[in-house]
2 protein chains.
Amino acid sequence: MPHPAARQPAPTDPAVDRLVEEIIGRVADKWTMLLIEVLTERPCCRFGELARACPGISQKMLTQTLRGMEREGLATRTVYPVVPPKVEYRLTDLGLSLGEAFCGVWLWAAANRATIEQARRDYAARQAGSPP
Amino acid sequence: MPHPAARQPAPTDPAVDRLVEEIIGRVADKWTMLLIEVLTERPCCRFGELARACPGISQKMLTQTLRGMEREGLATRTVYPVVPPKVEYRLTDLGLSLGEAFCGVWLWAAANRATIEQARRDYAARQAGSPP
DNA sequence: CGCCATGCTCTCTTTTTGGTAAGTATAAAT
DNA sequence: ATTTATACTTACCAAAAAGAGAGCATGGCG
């Protein structure tokens with residue numbers, strides 16, 4: 001999605017584009033982003049800690065998201081063979097760098113919040129006004 | 001999701017956080033991103049042009065995504081009352097700036113493509129190796 | 001007259017996603 | 001002997017998202 005001027009020297013290879021889109025699709029979901037945020041602030045967390053830090057997430061989604069992050073190389077999972085079980089999660093450098101990259105979108109959203117809310121109101125007003 | 005060091009002067013208000021997350025959820029989907037890319041490269045497109053530029057998108061999804069972008073203030077929709085119908089879409093400044101913000105993630109994905117693919121292979125190998 | 005082009009909109013079906021709840025393993029504590 | 005804690009996994013079900021395909025409006029064209 002880069003601005004033309006910002007695109008890397010490499011030519012726009014459609015195959016690369018598709019791959020990048022797929023990666024973004026896998027990586028840019030709500031829970032992954034939240035977990036990256038949590039793990040950036042507290043670099044080493046157990047499963048239960050993460051669950052408490054993500055209000056509203058179900059165990060299933062948490063497990064699923066963490067497994068996905070592990071698969072994509074964003075986080076590591078360390079199992080201590082003790083009982084009761086203990087498992088720790090950390091971001092990899094890759095995960096950390098994704099957090100930084102996503103930072104731009106986060107700041108954009110924060111900065112343009114008011115504009116977007118106004119746009120929604122305008123849109124709603126137009127919808128209500130024109131049909132009659 | 002900002003890095004602690006990069007967070008804006010404003011304190012981390014949880015209400016703002018939730019709003020920002022919601023905005024990102026609405027704005028950061030596959031088709032919206034693709035459309036922003038297309039409309040950045042070719043600033044004024046008709047519906048049919050956009051459909052052709054997004055291989056695999058259904059009419060329904062295209063309409064739906066464009067309406068969403070209009071609602072959030074990312075794009076404008078101009079209807080020419082002719083027959084057959086003619087409708088033109090353009091990015092707003094907000095839409096353009098989102099493209100720029102998202103550029104960071106795009107570049108991250110492009111730059112780390114190989115690393116991620118390797119991570120996936122490693123993960124798959126670990127899965128295949130340990131169960132037995 | 002009949003057909004085409006365009007940008008939808010509507011309905012129906014399939015796929016995907018996510019929630020809930022129960023089950024598992026095991027050592028230590030009571 | 002029973003309970004507790006932890007990190008899952010599995011089965012089942014409901015809701016949401018997406019795809020397929022038909023229908024619509026209408027002026028110009030042959």
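In the text below, chain A, chain B and the rest are named by the order of the sequence lines, each starting its count at 1.
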For the pair made of NZ in B/Lys30 and C1' in D/dA17, what is the distance, rounded to whole Å?
-> 13 Å
Grab the CD1-C1' distance between B/Ile57 and D/dG19 for me, whole Å please.
-> 12 Å
Spacing between B/Leu62 atom CG and D/dA20 atom C1', to the nearest angstrom | 16 Å
Checking C/dC8, D/dC8, D/dA11 against the side chain of B/Val87 (C-beta onward), the nearest is C/dC8
Rounded to whole Å, CZ of A/Phe47 lies from P of C/dA25 at a distance of 19 Å
Atom CG of B/Asp29 and atom C1' of D/dA17 are separated, to the nearest Å, by 11 Å
Should we say atom NZ of B/Lys30 is surrounded by more than 12 heavy atoms from elsewhere, each under 6.0 Å from it?
-> no
Whole angstrom is fine here: how far is it from CD in B/Gln64 over to C1' in D/dA16?
-> 11 Å
Please work out which of the three classes, parallel, tilted or perpendicular, describes the rings of B/Phe47 and B/Tyr89, given edges at 30° and 60°.
-> tilted
Looking only at side-chain N and O atoms, does B/Arg46 come under 4.0 Å of OP1 or OP2 in C/dT6?
-> no
Taken to the nearest 0.5 Å, the spacing of A/Arg67 CZ from A/Arg77 CZ works out to 4.0 Å
Of the candidate nucleotides C/dG19, D/dG19, C/dT26, which contains the atom at the shortest distance from the side chain of B/Met61?
-> D/dG19
In whole Å, what is the span from the CZ atom of B/Arg67 to the P atom of C/dG7?
-> 12 Å
Any A/Arg77 side-chain nitrogen or oxygen under 4.0 Å from OP1 or OP2 of D/dA7 | no
From D/dT6, C/dT6, C/dG7, pick the nucleotide closest to the side chain of B/Pro84?
-> C/dT6
Determine whether the side chains of B/Arg121 and B/Gln118 contain a donor N or O and an acceptor N or O closer than 3.5 Å.
-> yes
Report the residue (A/Trp31 or B/Lys86) whose heavy-atom-nearest nucleotide on DNA chain C is the more 5′ of the two.
-> B/Lys86
Distance check: side-chain N/O of B/Tyr89 vs OP1/OP2 of C/dC8, anything under 4.0 Å?
-> yes
Crowding at CG, B/Asp93 (>12 non-hydrogen neighbours, <6.0 Å) | no
Give one of base, sugar-phosphate or nothing for B/Gln59, where a contact means two heavy atoms less than 4.0 Å apart.
-> base
Looking at D/dC8, D/dG27, C/dT9, which one has an atom nearest to any side-chain atom of B/Val83?
-> D/dG27
Between C/dG7, D/dC8, C/dG18, which nucleotide gets closest to the side-chain atoms of A/Lys60?
-> C/dG18
